[in-house]
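Below is one structure, written out as structure tokens; the observations come after it.
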Amino acid sequence: MIDLRALRDNPDAYRDSQRKRGASVEAVDALLSADADHRSALQSFETLRAEQKSLGKKIAGADPDEKKTLLERTKTLAEEVKAAELKVTATASAFDSAGKAIPNLVAEGAPAGGEDDYIVLREVGEKPAIEEPKDHLEIGTALGLLDTERGAKTSGARFYYLTGDGALLQLAMLNLAIQQAVETGFTPMIPPVLVRPEAMEGTGFLGEHADEIYYLERDEMYLVGTSEVPLAAYHSGENLGELTAPRRYAGWSSCFRREAGSYGKDTRGIIRVHQFDKVEMFSFCKPEDAEAEHEKLLSYEEQMLQKMELPYRVIDVAAGDLGTSASRKFDCEAWVPTQGRYRELTSTSNCTTFQARRLNVKYRDEQGKNAVAATLNGTLATTRWLVAILENHQRADGSVAVPKALQPFLGKDVLEPKK
RNA sequence: GGAGGAUUCGCAUAGUGGCCUAGUGCGCCCGCCUGCUAAGCGGGUUUCGGGUGAUACCCGAUCAUGGGUUCAAAUCCCAUAUCCUCCGCCA
């Protein structure tokens, strides 16, 4: 939910933002007029209601004769109040949907345009020179790390088993991510992955992502596509107090995505799957600290990528490719040798107060007033990283070198083909 | 799956149709008193929205949520959610 007061003050900023996203500029004016309608309906209701209340008070203390005449009047008034209230309900819901139609205000520095209009901020690391590289599926299968055939047998396309050292490799990576998160002041969390509609709604995923989400109809619950959802909802309806430093959480969870509309895309291997595991960073902070916190989250992501010894680049995602809640987003993309291109491994978004306004997360500002907090999220490791690790660290003899940082967790420095 | 109980301000509680403008205690904030501290004394303290780009003032909503009854609902009725206790089933 955007800041309505800010929109009233400066509608042009929101029109510009919509333009940058390639979204509807008219939506801003639709919201403004819905707001005006709602406020005028609210005022007539409140006036009538005030009259009704004061009459009610008179009746309580009136003598019988007086009471009778007063009752005559209140009866018609009760009708009017009811009608006015109905109108308020209607304008409120129109206003509400008009409000939800507007995504977060795009940050000033973010590039305008669509998916391909990102700006490359930097490239880090050396792309490995591999003659005839094998892809991660071939390597993973040969080394007994990965079994997509049996995954499909059990659960269908886009499911897989991580087996043996493959399972250990993922656990090692996620453990390292949690360890790093704890060292940098995050509280580790293992959250619920089934959530109620309010949690999904509050994080803004039921809008554009609705098709992507698994829904359990019998229980009215959703399977989360990221632990961002339960982490954001963790403090919903709460006041976090002074919030002198960002409140940071690192969630470890399985993530579930329907991948509707991606038929034929990335069907090979585990680049795009229905279920994967992830360590996700999530911060609550003061709005004025959000930009600095965003840089921090990005730097933690880069630290993890460097520990995995992966060549990567950082992109500043264009406005049209931002999620509903994000005002700015940086992705880190790792080099994938067999594809000859960079693929997204992490994504960090600054949601400013957009998400927190929906979830009703507040803090106490310097004047002691309640104000809406800012939220940010970022990826620290996911199953997809295994793709980049296997492909970049493959060696001519068919083995895969284990990044130094993972060796203590894995107990070995190389993954050999099984004999 | 079944039976019962609960849900009121940050916390604990009072409140069974109009005198509830929701009381009290704790906590918190301001002040007084005190050579310090504690105690004591006085005052303030739900949240959200509108009037209204306003620390004052006025109005409305808010007693888990949504409906209903009524001129009038924290209070009565219905549904839902959550928590607790017990019974059944069970990985």
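Chain A is the first sequence line, chain B the second, and so forth, proteins listed ahead of strands; every chain is numbered from 1.
- Put simply, CG on Asn239(A) is 19 Å from P on U45(B), counting in whole angstrom units.
- In this structure, of G60(B), C71(B), U47(B), it is U47(B) that holds the atom nearest to the side chain of Asn370(A).
- Checking U69(B), A81(B), C71(B) against the side-chain heavy atoms of Arg196(A) singles out A81(B) as nearest.
- Between Arg39(A) and the phosphate of G51(B), there is a side-chain N or O to OP1/OP2 separation shorter than 4.0 Å.
- Taking atom NZ on Lys53(A) and atom C1' on C20(B), their separation rounds to 11 Å, with Å as the unit.
- For the pair Arg364(A) and Glu242(A), the salt-bridge criterion is not met [side-chain N within less than 4.0 Å of a carboxylate O].
- With respect to Lys278(A) and Glu280(A), a salt bridge is recorded, a charged nitrogen being found less than 4.0 Å from a carboxylate O.
- Partner assigned to U46(B) is none, using Watson-Crick or G-U wobble distances below 3.5 angstrom.
- Here C20(B) sits opposite no nucleotide as a Watson-Crick or G-U wobble pair (both hydrogen-bonding atom distances under 3.5 Å).
- In this structure, Glu198(A) places its CD atom 17 Å from P of A64(B), rounding to the nearest Å.
- When the C1' atom is compared between A6(B) and A12(B), the two are found 15 Å apart, to the nearest whole Å.
- Regarding contacts with the backbone of G49(B), every side-chain N or O of Arg49(A) stays at 4.0 angstrom or more from both OP1 and OP2.
- Residue Arg5(A) has a polar side-chain atom (N or O) positioned under 4.0 Å from OP1 or OP2 of G50(B).
- Across the protein-nucleic acid pair, Asn360(A) atom CG and U62(B) atom P stand 17 Å apart, rounded to whole Å.
- Going from the P atom of G42(B) to that of U24(B) covers 13 Å, rounded to whole Å.
- Checking Glu228(A) against Gln355(A) by side-chain atom types alone, a donor-acceptor pair falls below 3.5 Å.
- Side-chain contact between Arg15(A) and Asp12(A) is present, with at least one heavy-atom pair separated by less than 4.5 Å.
- Take the nearest nucleotide of RNA chain B for Phe45(A) and for Arg8(A): the residue whose nucleotide is more 5' is Arg8(A).
- The separation between Tyr363(A) atom OH and U47(B) atom P is 16 Å, rounded to whole Å.
- Listed nucleotides U69(B), C71(B), G49(B) differ in distance to Gln52(A); the shortest reach to its side chain belongs to C71(B).
- Atom NE2 in His38(A) sits roughly 8 Å away from atom C1' in G49(B) (whole-Å rounding).
- Taking 4.0 angstrom as the limit, Gln43(A) places none of its side-chain polar atoms (N or O) nearer than this to OP1 or OP2 of G60(B).
- Applying the 4.0 Å criterion to OP1 and OP2 of U47(B), one finds that Lys362(A) has every side-chain N and O outside that range.
- Between the CG atom of Leu55(A) and the P atom of C71(B) there is a distance of 14 Å, rounded to whole Å.
- Leu48(A) has its CG atom 12 Å from the P atom of A61(B), to the nearest Å.
- Remark: G10(B) base-pairs with C26(B). Criterion, Watson-Crick or G-U wobble with two distances under 3.5 Å.
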